[in-house]
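Following: one structure in structure tokens, then a few remarks.
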Amino acid sequence: MPTASPPIKRIRTQKQLAELAGVSQPTVFRALAGRPDVDPDVRQRIQVLAARHNYQLNVSARTMLTGRTNTIALLLSSKYSQTGGSYTGSLHTDLLRGVGDELERRNKHLLVARLGDGPLTDPNFMPRILREYVSDGLLINYHLDIPKRMIDLIRVNEVPAVWINVKQPENSVYPDDVAAGRLATEYLLARGHRDIAMMDYAPLPTSHYSRTDRFAGYAATMRAAGLTPRLLGVEGQNIEPQGVAFTRAWMTAADRPGAVITYNAEYAELAAHAAARAGLDVPGDLSMLAISDHPKLVIGGLPFTCVRVPHKQCGITACEMLMDKIAGDNADIPSQTAPPVWVQGESCAEGANDNGSHARN
């Protein structure tokens, strides 16, 4: 009978692990805490020995020694905006994927918190928010109807925070929506279109900045080409409740545009269905291009050409910025934009200036 191997003795202290690895106790701590100032070979040797001897770094002890929890809180709002027609802290899957991937790469943990305006504007709660959620900083995914009191409390209490999808000079990451409008328009112009309109049925002053910026990028590009911008909507009014009837009206009018850029994927679906009901072919009779949250937009079996909102990159960049703020004593950082992503589809044809060609692309 072969002799059984003796059980591996469990190591319970960093001192014991340091003696076994032949290094100092602070080196063991830095290696297991994921600190970069440890030789890679030494780190690997310590990690192998820790796993072999069932040693785990005590999280409470690490927090006391470093003042860091290695956890980031992703803060969502639970408020529903009547003007925006959505939750003010809606969480896109790609954004969560970007945040999760970047924190995993950095060996950090993620905690998701959903709060109403009560605690977020409470001067007694905000100083405790990092302790309450055992985190080193906040990623704030609250991008519409933000209470000024909340913004002031975060700054006054020096809470390390980065805002996502909020346009402000410092400490935020947001999609470059001006570039999205410009990119969509440039593509249609290059295809020979000149009568290009933008479809947005809720361009209210209190709505999200992306409505203003997407139209601004489109309008500036049209004017630079010597063309007049055209909004399919009513400036300053929310006409979404009568959106179906309004769409049918411009879709069947004599001055129907040759190409339409929709503010979002929902408007693209509305316009595509209205075109089908009107007996219009997309893209033969009407080219359509959507600015979209979806990785791939298919309507009625037709893959749509889209300018995609870069949610994942926003999540990655927000994590990078927050880590820099935490390491840099919470100093303000200039805000950054994430460029839009092009998704080629088959919903745009050549314009009338291209000798009537309707080749799909």
Side-chain angles (χ1 to χ4, degrees), residues 81 83-86 88 90 92 143-146 163-191 193-240 243 246-247 250 257-268 270-271 287-294 297 304-311 313-314 317 334-343 347-348 351:
S81 170
T83 57
S86 64
T88 57
S90 55
H92 196 277
H143 42 255
L144 191 64
D145 300 337
I146 305 168
W163 298 76
I164 300 174
N165 208 8
V166 175
K167 190 176 181 181
Q168 58 187 28
E170 299 170 328
N171 308 320
S172 72
V173 178
Y174 55 93
D176 190 342
D177 284 292
V178 173
R182 181 177 63 248
L183 184 61
T185 312
E186 288 175 344
Y187 177 78
L188 291 171
L189 289 171
R191 302 282 291 169
H193 288 282
R194 293 296 177 266
D195 188 4
I196 306 169
M198 187 160 194
M199 177 182 175
D200 186 1
Y201 290 174
L204 300 175
T206 52
S207 294
H208 192 254
Y209 79 90
S210 59
R211 294 188 181 274
T212 302
D213 280 12
R214 290 176 192 179
F215 184 80
Y218 151 76
T221 308
M222 289 288 284
R223 293 190 183 102
L227 302 171
T228 301
R230 178 182 176 185
L231 174 66
L232 297 173
V234 179
E235 188 173 357
Q237 296 183 33
N238 186 346
I239 60 170
E240 285 187 339
F246 189 87
T247 304
W250 68 256
V260 172
I261 300 168
T262 66
Y263 166 77
N264 58 20
E266 287 72 19
Y267 289 160
L270 173 59
S287 289
M288 295 183 61
L289 192 157
I291 301 175
S292 173
D293 288 320
H294 302 287
L297 180 62
F304 263 58
T305 299
C306 296
V307 177
R308 181 159 59 88
V309 180
H311 289 293
Q313 186 57 52
C314 283
T317 304
S335 294
Q336 298 184 41
T337 59
V341 180
W342 183 258
V343 180
S347 59
C348 298

Do [X] and [Y] come close enough that some side-chain heavy atom pair is under 4.5 Å?
{"X": "L227", "Y": "I196", "value": "no"}
{"X": "M199", "Y": "T247", "value": "yes"}
{"X": "W163", "Y": "I146", "value": "yes"}
{"X": "R191", "Y": "S287", "value": "no"}
{"X": "I291", "Y": "M198", "value": "yes"}
{"X": "R230", "Y": "L232", "value": "yes"}

side-chain contact (heavy atoms from CB on, under 4.5 Å) between V307 and W342, worked out: CA-CA 5 Å; V307 177; W342 183 258; 3.7 Å; yes
Check for a donor-acceptor pair, side chain of [X] on one end and backbone N or O of [Y] on the other, with a separation under 3.5 Å.
{"X": "Y218", "Y": "L231", "result": "no"}
{"X": "S335", "Y": "Q168", "result": "yes"}
{"X": "S347", "Y": "M288", "result": "yes"}
{"X": "Y267", "Y": "I261", "result": "no"}
{"X": "H92", "Y": "D293", "result": "yes"}
{"X": "S172", "Y": "K167", "result": "no"}

Y174 versus S210, side-chain donor and acceptor atoms under 3.5 Å: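 Judged by distance alone, the side chains do not pair up.
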How long is the straight-line distance from [atom2] of [Y] back to [atom1] of [X], given to the nearest 0.5 Å?
{"X": "M222", "Y": "L189", "atom1": "CE", "atom2": "CG", "result": "6.5 Å"}
{"X": "R182", "Y": "D176", "atom1": "CZ", "atom2": "CG", "result": "6.5 Å"}
{"X": "S292", "Y": "N264", "atom1": "OG", "atom2": "CG", "result": "8.0 Å"}
{"X": "Y209", "Y": "N165", "atom1": "OH", "atom2": "CG", "result": "4.5 Å"}

If you compare all heavy atoms of [X] against all heavy atoms of [Y], which two are closest, and at what distance to 0.1 Å?
{"X": "P257", "Y": "W250", "result": "CD-CE3, 4.0 Å"}
{"X": "A179", "Y": "P340", "result": "CB-CD, 3.9 Å"}
{"X": "H143", "Y": "I164", "result": "CB-O, 4.0 Å"}

Name of the residue among R214, H208, R211 meeting side chain to side chain donor-acceptor pair (under 3.5 Å) with D177: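 Output: one option passes, namely R214.
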side-chain contact (heavy atoms from CB on, under 4.5 Å) assessment of Y187 paired with C348: CA-CA 9 Å; Y187 177 78; C348 298; 3.9 Å; yes
